[in-house]
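Have a look at the structure below before the remarks.
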Amino acid sequence: MASSGAHVHHVLHTIAKRLASATGLAEDAALNMLRPPPKAGMGDYAFPCFELAKQKKKAPPELAQELAHALIRDTELAQVVHRVEAEGPFLNFHAQRGVLCSAILRKVCDPTQPYGESSEGAGKTMVIEFSSPNIAKPFHVGHMMTTVLGASLVRILKLLGYTTVSVNHLGDWGTQCGYQFLAWQKQEPDTREKQLAARGIDYLAELYIEINIPGKHLKVLEEKLLDKNIAVQPDIRSKIESEIAQVKPEADGLEQQARALFKNLEDGDPELRALWQRMRDVTVISLNKTYLRLGIAFDSDAGEAFYEPYVKELVKDLKERGVLVQSEGAWVIPLEEPGAKRKRPPCIIIKRDGATKYETRDLAAAIYRKKTYNFAKNIYVVDSRQSDHFSGFFKALEKAGYGWSMKDCVHVPFGTMKVIEDGLIKNMTTRGGTMVSLHEVLDSMVEIVRKIVEEKNPNLTGEQRQIVAEAVGVGAIVFWVQSRRRLSDIVFDWKLATSPDGDTGPYVQYTHARACSILRKFGASVPLQADLTLLQEPEELAVCKSLERFPEVLKDSAEGYEPSMLATWLLETSRAFNDFYNRHQVLKAESMPLMQARLVLVDATRAMLAKGLNLLGIQAPDEM
Ligand code: ARG
């Protein structure tokens, strides 16, 4: 528990100090070993005796008994603890409720050390790459997880004192650019200009989808042919084959043209370069609108194209050093380990046609980032389907002499996002079968919430309502996708996600707004000098103990790259607070000093809920 460093309060310090004197352990070591008891009702902190008992060649329960005996008479300990008892191998401390509440709240409200913030990351740089959509293609709901998770990790790491560099590794290079140019060239010049001005990325995405219809169709047919069930049915087979014969010339023709256009772009064709720049700019402007709604800004949007010069340098260097070998006309880095069971395909650096690959650009990008930022970790928040890609190119980097890659490059994978509609779990697609764009999902959610807010709080002005609906609608989705472990598949439920009393973002937001409303009704500034030891109800302690965990939860979320831990903590804290609020009066408390103490509790909870929500990229409106 000592891991939370500066946030450790005096009750814990006292327990650790007295334990140290009774055991001969160093105070820090004792602090480190204290933990929440294994079961509820066993006090507030437990000291497991296993390790010490081993050293002292005693049975753990026997040592626990001995220590309990010694500590029962400890007068300094008695100031903060009302009971010490041995339970099997554990020594359990029951703190004085009021003293503990006060100790925790004093830490939470300490203006000199913002609660949860630490300097453990000082001097270390974390590069966090996330979102990374492809330009001129739909920015769809599939990008939700990477965008939201990545941004939360950046915020959390910052709070822990790390220097962070957030990178949007835009997919702005490759054959897809050729397809985009081709689609553009096929449009009537006047029309395309008007459409682009009016619809930005949505228009480009539409062109991209359209130009890819034959190619996609062909791919589907070819996949069908590979299906074993179909392969054995000659009539179906020949039907598919004849369909393929029909689509293939068109699809192949388009592909050839797209490749040629991309080659021209790479070779520096000024007109294509200008068009490319325009498409990239339009994309970035549109993306930024969505990022703004999500409260996200990047330090760098160096995408794949940015690394072109570095790719050239890298390839030259790898060839000179003999790292690349030729295989079937391509240049590759072999990844096979002698004696390994799993055969690993090589990492292709230059294709047979002389073009570089997605992998090549990733290699160059990682090396560039190491040189530029000297990162402690280079984190990729990318879905789990690309796991092989990442483990492959991390290994390739190592083989190329960049030994840091295996330790310092981290792929943070996550599952896919589906939606439940009419009882069925499906992909979030439009009627045309393509994925729904991210801003459309946000819009729909905001619209749903606007209606709820209208019903619940008719006193809000139209403008206020819009602001609240945006905060709650966006917050509902953003919370939902982070409230499950990232590797599990997320099934989004429009209705449940907005429920103000489920495990949802709005539930936490409402709890926060409730705390704000109590403070508003009180009207004056929070009486911080209140006697907090008056907080002696179990519900008050439960809130405090939840707050106490905040620094640890942040640390664990960062270590596991798992913002869901923070989301879970927000739900638990909200539940504890609502329990307290439902059972006890704040403004009508039995006495003035008790009211003052409770106001501090309310304010501390308000502040921590807001902080936690903000860390997850969610607004915390004062009123809803
Ligand atoms: N642009 C890619 C896509 O949309 C994701 C990029 C992931 N990052 C990376 N460094 N490869 O699938």
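FYI, the numbering just counts along the sequence from 1. Bear in mind that the values here come from a model prediction, so they are computed numbers and not experimental data. Scope of the values below: all heavy atoms of this structure, side chains included, with no hydrogens, waters or symmetry mates.
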To check you understand the geometry: which heavy-atom pair defines the closest contact between Glu266 and Glu308, and what is its length? OE2-OE1, 3.5 Å

Nearest heavy-atom neighbours spanning Arg293 and Glu470: NE-OE2, 2.8 Å

Within the side chain of Ser131, is there an N or O that forms a donor-acceptor pair under 3.5 Å with the backbone of Thr147? no

Quick check: does any side chain N or O of Thr360 sit under 3.5 Å from a backbone N or O of Thr356, one acting as donor and the other as acceptor? no

Under 3.5 Å, is there a donor-acceptor pair linking the side chains of [X] and [Y]?
| X | Y | value |
| --- | --- | --- |
| Asn168 | Tyr291 | yes |
| Tyr380 | Ser132 | no |
| His512 | Asp622 | no |
| Glu313 | Tyr307 | no |
| Glu562 | Ser564 | yes |
| Ser437 | Glu440 | yes |

If the threshold is 4.0 Å, N to carboxylate O, is there a salt bridge linking [X] and [Y]?
| X | Y | value |
| --- | --- | --- |
| Asp383 | Arg385 | yes |
| Glu328 | Arg352 | no |
| Arg192 | Glu188 | no |

Check the pair Ser238, Glu241 against side-chain hydrogen bond (donor to acceptor under 3.5 Å, both in side chains), reporting the backbone distance first and the verdict last. CA-CA 5 Å; Ser238 71; Glu241 278 168 348; 5.8 Å; no

Beyond-backbone contact of [X] with [Y], side-chain heavy atoms, under 4.5 angstrom:
| X | Y | result |
| --- | --- | --- |
| Phe262 | Cys177 | yes |
| Arg486 | Pro413 | yes |
| Phe492 | Glu421 | no |
| Arg237 | Leu225 | yes |
| Leu294 | Thr290 | yes |
| Ile367 | Leu397 | yes |
| Asp301 | Val284 | yes |
| Val468 | Glu623 | no |

Decide whether a cation-pi geometry holds between Lys370 and Phe375; the criteria are a distance under 6.0 Å from NZ or CZ to the six-membered ring centre and an angle within 45° of the ring axis. yes

If you draw the axis of the six-membered ring of Trp480, does the NZ or CZ of Arg484 fall within 45° of it and under 6.0 Å from the ring centre? yes

Going by the rule side-chain contact (heavy atoms from CB on, under 4.5 Å), which residues pair with Asp281 if we only count those two or more places apart in sequence or in a different chain? Gln277

Across all chains, not counting sequence neighbours, the side-chain contact (heavy atoms from CB on, under 4.5 Å) partners of Ser483 are Phe479, Ala567

Could you go through the side chain to side chain contact (heavy atoms under 4.5 Å, CB included) check for Glu320 and Lys316 one step at a time? CA-CA 6 Å; Glu320 276 169 12; Lys316 191 167 155 265; 3.6 Å; yes

Does the plane of the ring in Phe390 sit parallel, tilted or perpendicular to the ring in Phe394? Use 30° and 60° as the thresholds. tilted

I would like to know whether Arg155 and Ile296 meet side chain to side chain contact (heavy atoms under 4.5 Å, CB included); could you show each step before the answer? CA-CA 10 Å; Arg155 293 186 206 96; Ile296 295 173; 4.0 Å; yes

Residue set satisfying side-chain hydrogen bond (donor to acceptor under 3.5 Å, both in side chains) with Gln509, at least two apart, ordered chain then number -> none

